[in-house]
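Treat the numbers as computed from the prediction; the structure is a model and nothing was measured. Count residues from 1 along the sequence.
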Amino acid sequence: MLQYYFLLGVRNLRRNPALTALMVLILAVGVAASVSTLTILHVMSGNPIPHKSERLLVPMVDNGPTEGYAPGDERHDDQLSYRDAANFLASKVGDRRTAIYGVGGAVEPVRKDMSVFNAGGLALSHDFFAMFEVPFLHGQPWSAKDDAAGADVVVLSRKLAEKLYGDSNPVGQRLVMMGFPYQVVGVADTWNPVPRYHRVIGGSGAFGDADEYFIPFSSAIRHEASNNGSMNCSKQRDPGFQALLDSECTWIQFWFEMHEAGGRADLQNYLDAYAAEQRKLGRLKRAAPNMIYNVMEWLEQQKVVGNDSRVSAWLAFGFLLLCLVNTIGLLLAKFSVRAAEVGIRRALGASRREVFNQFLIESAVVGLAGGVLGLLFSLGALALIGQTSDRLQVVAHMDWPMLFTTFAMAVGAAILAGLLPTWRACQITPAMQLKSQ
């Protein structure tokens, strides 16, 4: 019986194809707009590394200038000086540690058919790869010995490796970067769990793909690699590299990985003791509290999902409601003029329940068609975004709870729109309906 009413509903919708297409299209546009927007927002606001985000911690000490400072003022920057980063690297606190800053410069291809080009990357410690679970296509990360020696080794992104070497394995090849020869030890596979990672880690681009190579932090310092990240130098506008190292300029990001989430208290104790010691030495002059952020707290601190994104989500949801209201109006108009059909069916022996079921399923067919078409529109929109933006490749997958919610809203709104006129028509006796016609 359900199949019969479903086919009957589809056949009745074909009576006025223009009106039916308009209703389905309105629902589809509303579903596609809301699902696409809210999927992007959900992905950007989700936990990028949920199984260990509580153990990945960013330390913050305030080494800002005292000029114009008043107790209670906010910290002047969200990065560290080189001196603090070097001390943290040597601290042996936590299971892993990495200092990170963005670098960039000329890359000289071995291939004769390619000219020199600029590329950006990250200078970091070998612990970084294990901390953030970077997958490898070829080779492996450099070792702790390479960090200690400041070895000129590099891990290429898959994108840069394919650009330079095609499909071949480049491990062991030598590549001139920023004027120095580097040996390729690995190729990081396509790696972009969420687009927000480019804000989690300070770099030159979209963490994982647009950051085209990774070199040891110690090597970048030894070669005085230019910094592509944030830099706050209060005393001199353009210091030399050694002056930069000696100053309190903030230009490096730092991450600890603790053995367990409870290790945060141990890190806080270490950070407080470290800051107290540095104040005694005359380095840290401001009395701001020392802060620690886990991954999610850091994303909130950096305002990765801004108010404009949330406003966009509400606008998308409002647009869906507007489409639903328009669909309800069209269905009301469509079913309200079918009193004669109801009367004839009742006169031929159909019960109120059977008439009610017919119209209910017909309404559901409209909602179902609109929802399916909206799903296709959403997939197309997210795929298009993934092709046109490296940073948003990851959003080319659905937020399934959001999809089912909007799909249910589309079908539910269509069903509700058909309930009122159907119920009203079923309450009038067949004779009166036929006589009025």
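- The local environment of CG in Asp113 is crowded, with over 12 non-hydrogen atoms from other residues, nucleotides or ligands closer than 6.0 Å.
- Val187 and Arg158 get closest at one heavy-atom pair: CG1-CA, 3.8 Å.
- Between Ala119 and Glu212 the shortest heavy-atom distance is CB-OE1, 3.1 Å.
- In summary, the side chains of Ser219 and Tyr182 do present a donor paired with an acceptor at a separation below 3.5 Å, with no hydrogens or angles considered.
- Two rings, from Phe256 and Phe254, have their centers less than 6.0 Å apart.
- Taking 4.5 Å as the limit, every side-chain heavy atom of Tyr213 sits out of range of all side-chain heavy atoms of Leu175.
- With rounding to the nearest 0.5 Å, the separation of CG in Leu284 from CG in Asn290 is 8.0 Å.
- Below 30°, between 30° and 60°, or above 60°: for Phe129 and Trp142 the angle between ring planes is above 60°, a perpendicular geometry.
- Annotation: side chain of Tyr274 is in contact with side chain of Phe88 (closest heavy-atom distance under 4.5 Å).
- To the nearest 0.5 Å, atoms CG (Leu156) and CD (Glu162) are separated by 11.0 Å.
- A donor-acceptor distance shorter than 3.5 angstrom exists from the side chain of Asp147 to the backbone of His126, with no hydrogens or angles considered.
- With contacts defined as side-chain heavy-atom distances shorter than 4.5 Å, the pair Val171/Tyr165 does not qualify.
- With a 4.5 Å cut-off on side-chain heavy atoms, Ile215 and Met178 count as touching.
- Residues His138 and Pro170 meet the side-chain proximity criterion, which asks for heavy atoms closer than 4.5 Å.
- Between the side chain of Asp127 and the backbone N or O of Arg97, at least one donor-acceptor pair lies under 3.5 Å.
- Asp167 CG to Leu137 CG: the interatomic distance, rounded to the nearest 0.5 Å, is 9.5 Å.
- Taking every heavy atom of both residues into account, Pro181 and Asp152 meet most closely at O-CB, 3.5 Å.
- Contact between Leu164 and Pro109 at its shortest, heavy atoms only, is CD2-CB, 3.9 Å.
- Contact of the Val110 side chain with the Gln173 side chain is not registered, since no non-hydrogen atoms from C-beta on lie closer than 4.5 Å.
- Remark: Ile252 CD1 to Leu89 CG distance equals 8.5 Å, nearest 0.5 Å.
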Query raised in the report: Could you go step by step and tell me if Ser81 and Arg283 meet the side-chain contact (heavy atoms from CB on, under 4.5 Å) rule?
Result: CA-CA 11 Å; Ser81 69; Arg283 283 195 57 239; 3.4 Å; yes
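- The minimum heavy-atom distance between Phe136 and Val134, with the atom names listed, is CD1-O, 3.4 Å.
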Requested in this report: Show your reasoning for whether side-chain contact (heavy atoms from CB on, under 4.5 Å) applies to Phe128 and Trp255.
Outcome: CA-CA 9 Å; Phe128 169 88; Trp255 286 81; over 6 Å; no
Report task. Test side-chain contact (heavy atoms from CB on, under 4.5 Å) on Ser218 and Ile221 and set out the steps. Result -> CA-CA 5 Å; Ser218 51; Ile221 295 297; 5.7 Å; no
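- Looking at Gln278 and Val61, their side chains never come closer than 4.5 Å, going by heavy atoms from C-beta outward.
- The salt bridge (charged side-chain N to carboxylate O under 4.0 Å, His left out) test with Arg264 is passed by exactly one of Glu54, Glu297, Glu257: Glu297.
- Between atom CD of residue Glu133 and atom CD1 of residue Ile49 there is a gap of 4.0 Å, rounded to the nearest 0.5 Å.
- Taking the side chain to side chain contact (heavy atoms under 4.5 Å, CB included) definition, one finds that Leu19 meets it with Asn16, Met23, Leu330, Lys334, sequence neighbours left out.
- Rounding to the nearest 0.5 Å places CG of Asp266 at 8.5 Å from CD of Glu260.
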**Report entry** side-chain contact (heavy atoms from CB on, under 4.5 Å) between Leu56 and Phe132, intermediate numbers included
**Finding:** CA-CA 9 Å; Leu56 295 175; Phe132 293 98; 3.9 Å; yes
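- In this structure, Met258 and Val93 have side chains that are in contact, with non-hydrogen atoms separated by less than 4.5 Å.
- Across Tyr270 and Asn87, no two heavy atoms sit closer than the pair OH-O, 4.0 Å.
- The closest side-chain donor-acceptor pair between Ser53 and Asn294, if any, does not fall under 3.5 angstrom.
- Panel note: side chain Lys52, backbone Met131; a donor-acceptor pair is recorded below 3.5 Å.
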